[in-house]
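Letters go in sequence order (proteins before strands), and every chain restarts at 1.
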Amino acid sequence: MKATLESLLAEALKRLQEAGVLPPDAAQRARLTRPRDKAHGDYATNVALALAKTAGTEPRELARRIVEALPAHPAVARVEIAGPGFINFFLDEGAHRSVILRVLEQGEAYGRSQLGAGRPVQVEFVSANPTGPLHVGHGRGAAYGATVANLLEAVGYRVHREYYVNDAGRQMDILATSVWLRYLELAGQDLEFPSNGYQGDYVWDIAATLHREHGEDYAVPVERVFAGIPPDAPEGDKEAHIDALIARAQALLGDIRYRYVFDLALTTILDDIRDDLEKFGVVYDEWYSERGLVERGLVMQAVERLRRAGHVYEHGNALWFRSSAFGDEKDRVVVRENGQFTYFASDIAYHMDKIERGYERLVDVWGADHHGYVPRVKAALAALGEDPERLDVLLVQFAVLWRGGRKVQMSTRSGEFVTLRQLRKEVGRDAARFFYVMRKAEQHLDFDLDLAKSRTADNPVYYIQYAHARVASVMHQLQARGWRFEPDRADLSRLTEPHEADLTAALGRYPELVESAALTHEPHLIAHYLRELAHQFHTYYNAHPFLVDDEALRNARLSLVLAVQQVIRNGLGLLGVCAPERM
RNA sequence: GCGCCCGUAGCUCAGCUGGAUAGAGCGUUGGCCUCCGGAGCCAAAGGUCAGAGGUUCGAAUCCUCUCGGGCGCGCCA
């Protein structure tokens, strides 16, 4: 509807352009908004105010001429000029009510559109290092990324959901070595576990698997492991200590056995992450391996491409990318002094590959602590001759958990962080998914565990789900009274109550809302809308009985209420939250 | 020091990308069930939109500065 009216408005502006009243680019300003106040119509535009100056006309006079030039449309009951020069559109009541039928006809499809025209978009999110279970910080990225992907899909993009698996870096070697050392302990040896190793219980679990399945096959006397290894912190350098241990593990185990431990750790953790996310309602199309990227030589090729384009130089035995020439604050190393590629180098290759796989737009969801990384990735795309604007990096701020009025302390170092799995177990998937996207992504999130768990009106998730379940309950009541829902007998013109008009208007707004939430990557809009819709429904429920004897009115009200239920279900679906029939 | 994000009711947050009288929830106070689930509803009180300038018909929204809070600024990932 909005689009239809906007094209009418554009047509009017075009006519005035041709008449020489307005400048050539005026038609592009044909935009409508939803006025806050119902008295200002269903849609309004400020074009007359915006263009009055360039047209050299009084705003109200210009508004009058625009209205005059406006083509007639059956859905538009009347158009008014108001205030300093706003043009307000009032829809015909029939057009208003037709939305109810549209919702019921389209069902799950209501709110979806073809705006994206099937253009391919890749959404990469979470991508946490597979060195341990996901924690609550990753949860927000997961909920947010998954919802953004759902939204883009809903408006017609072909969405590819991807998890970038950092299975090639030093952190993975630290993990593998940590597992092996724990294994040696399980094999009965005493040793000083490195301060920089992974401390979590899950490391013991993986070591136990290794020990159970392979006995002492991987055991080496601990003296040989630690002989000549530089001291750990605090006396020594913990980084040098762990690096030496990694090298020692590789030397003592040999390539094949080391790789086995490494892969055992990797697959165990990756399986855990995958399972965790699946139960969180997050499913990927692809788990993209960094190691695969390296092995296919793509990192080398990317660096080579930069070299050929003349954007790299050698300095201090390292190879630098001149990212400062493309808006970054300083240049970045891509090949280290020791000949190894940096993480950044594989990231360049990764983004290059994304583009070569044909995605028109790339969406990366990152933790806000990585914001400094954005300019260099965009710089790399620019240097490779790609448009950096094709990449949208969405930054998600941290979530702070609260329980009993106090912050929940988290510490990765001690291995005692709160995992996403624990969070799901405590508050449930629905509450977790909803709470994570309730706030704008760039807003710090206070996640109130007590509230998320509570089954009261304070809890927005239950409030919305309750509205959905209540409709289901009404339908059961209908049957209990020996009636059926007969949409053909509904007389929608009987819906004359203000509550009914408000609800109908809210239903009509939903498709525009999905569109704008998708394009601006703002799932919180959906969360807020659903709360509002649920509120309007509960109000209506309290004010008017639906199961009245008057058949035409009864079926009309049931139509409306079923349409509300459908939209709640659709909206919750986008957020990855269930819409229960009974609670 | 430089960069990014944030500052709106007692608390937690919206505010449709510059519009019309600033909006919710919680909390507070006072009401509503012989009636479709009270996990609900209604009403009241509550604001110098951090502060100061600027841009214009018009600013919570855009620009500059100041003050507060968070996060970054590795040949780590």
Return the orientation label for the A:His138 and A:His135 ring planes: parallel under 30°, perpendicular over 60°, tilted otherwise. tilted
Using a strict cut-off of less than 4.0 Å between a Lys/Arg side-chain nitrogen and an Asp/Glu carboxylate oxygen, indicate whether A:Arg60 and A:Glu58 qualify as a salt bridge. no
Per the glycosidic torsion and the 90° limit around 0, nucleotide B:C5 is anti
Students often get this wrong, so: under 4.0 angstrom with heavy atoms, is A:Ser516 touching a base, only sugar-phosphate, or nothing? nothing
Would you indicate which nucleotide in B:U17, B:A77, B:C36 comes nearest to any side-chain atom of A:Tyr373? B:A77
Would you indicate what A:Leu451 reaches in the nucleic acid, counting non-hydrogen atoms under 4.0 angstrom: base, sugar-phosphate, or nothing? nothing
Atom P, compared across B:U12 and B:G27: separation rounded to whole Å: 15 Å
Going by an N to O cut-off under 4.0 Å, is there a salt bridge joining A:Asp446 and A:Arg439? no
Given the C1' atoms of B:G53 and B:C67, what is the spacing between them in whole Å? 15 Å
Polar pair under 3.5 Å, donor/acceptor by atom type, side chain A:Asn46, base B:G19: yes
In whole Å, what separates the P atom of B:C49 from that of B:A44? 23 Å
Under 6.0 Å from the six-membered ring centre of A:Tyr463 and within 45° of its axis: does the NZ or CZ of A:Arg531 meet both? yes
Is A:His468 touching bases, backbone alone, or none of the nucleic acid, heavy atoms closer than 4.0 Å? nothing
Check every strand shown and say whether A:Arg582 touches a base, only sugar-phosphate, or nothing at a heavy-atom separation below 4.0 Å. base
So if I take every side-chain heavy atom of A:Met583 and compare against B:G37, B:C76, B:C75, which nucleotide ends up nearest? B:G37
Paired nucleotide for B:G58 [Watson-Crick or G-U wobble; both distances under 3.5 Å]: none
Whether A:Gln443 contacts B:A14 is assessed here as follows: a side-chain N or O lying under 4.0 Å from the phosphate OP1 or OP2. Is that the case? yes
Given B:G37, B:C41, B:C71, the nucleotide with the shortest approach to the side chain of A:Phe398: B:C71
Classify the side-chain pair A:Gln171/A:Asn166 by whether it contains a donor and acceptor separated by less than 3.5 Å. no
When you measure from the side chain of A:Tyr343, which nucleotide among B:A39, B:C36, B:A77 comes out closest? B:A77
Answer with base, sugar-phosphate or nothing: what part of the nucleic acid does A:Gly316 contact at a heavy-atom distance below 4.0 Å? base
In whole Å, what separates the C1' atom of B:A20 from that of B:G7? 26 Å
When all nucleic acid strands are considered with a 4.0 Å heavy-atom cut-off, which category describes A:Asn88: base, sugar-phosphate, or nothing? base
Could you please name the option among B:C36, B:A77, B:C13 that lies closest to any side-chain atom of A:Phe546? B:C36
Is A:Asp347 side chain donor-acceptor paired with the B:A77 base, going by distance under 3.5 Å alone? no
Would A:Phe86 count as stacking on B:A20 if stacking means ring centres less than 5.5 angstrom apart and planes tilted under 30 degrees? yes
Can you tell me how far CZ of A:Arg557 sits from CG of A:Leu503, rounded to the nearest 0.5 angstrom? 11.5 Å
Take atom P in B:G3 and the same atom in B:U64, then report the distance between them in whole Å. 11 Å
Tell me if the side-chain of A:His371 makes a donor-acceptor pair with the base of B:G3, cut-off 3.5 Å, by modelled atom types. yes
Contact class for A:Thr131 (heavy atom, under 4.0 Å): base, sugar-phosphate, or nothing? nothing
Is the glycosidic torsion of B:U64 within 90° of 0, making it syn, or is it anti? anti
Closest to the A:Arg31 side chain, choosing from B:C36, B:U17, B:C13: B:U17
Go through B:C41, B:C76, B:C13 for me and flag the one nearest to the A:His528 side chain. B:C13
Taking 4.0 angstrom as the limit, do A:Lys354 and A:Asp364 come out as a salt bridge? yes
Identify whether any heavy atom of A:Glu532 sits under 4.0 Å from a base atom; if not, whether one sits that close to sugar-phosphate; answer base, sugar-phosphate or nothing. nothing
If only side-chain N and O atoms of A:Lys330 are considered, is one of them under 4.0 Å from the OP1 or OP2 phosphate oxygen of B:G3? no
Where the side chain of A:Tyr463 is defined as all heavy atoms beyond and including C-beta, which of B:C41, B:C13, B:G25 is the nearest nucleotide? B:C41
Any side-chain N or O of A:Lys53 below 4.0 angstrom from OP1/OP2 of B:C57? yes
Expressed as a whole number of Å, how far does the C1' atom of B:G46 sit from that of B:A9? 6 Å
Determine the interatomic distance between C1' on B:A59 and the same-named atom on B:G51; round to the nearest Å. 16 Å
With stacking defined as ring centroids separated by under 5.5 Å and planes differing by under 30°, is A:His40 stacked against B:A20? yes
Can you tell me how far C1' in B:A60 sits from the matching atom in B:G23, rounded to whole Å? 12 Å
Can you tell me if the side-chain N/O atoms of A:Arg336 get under 4.0 Å from OP1 or OP2 in B:A77? yes
A:Arg36 side-chain proximity, nearest of B:A20, B:A77, B:A39: B:A20
Any side-chain donor paired with an acceptor under 3.5 Å for A:Glu290 and A:Tyr350? no
Between B:G19, B:G70, B:A77, which nucleotide has the shortest distance from any of its atoms to the side chain of A:His444? B:G70
Taking only the side-chain nitrogens and oxygens of A:Ser454, find out if one of them lies under 4.0 Å from OP1 or OP2 of B:A39. no
For A:Glu337, which contact category applies under a 4.0 Å heavy-atom criterion: base, sugar-phosphate, or nothing? base
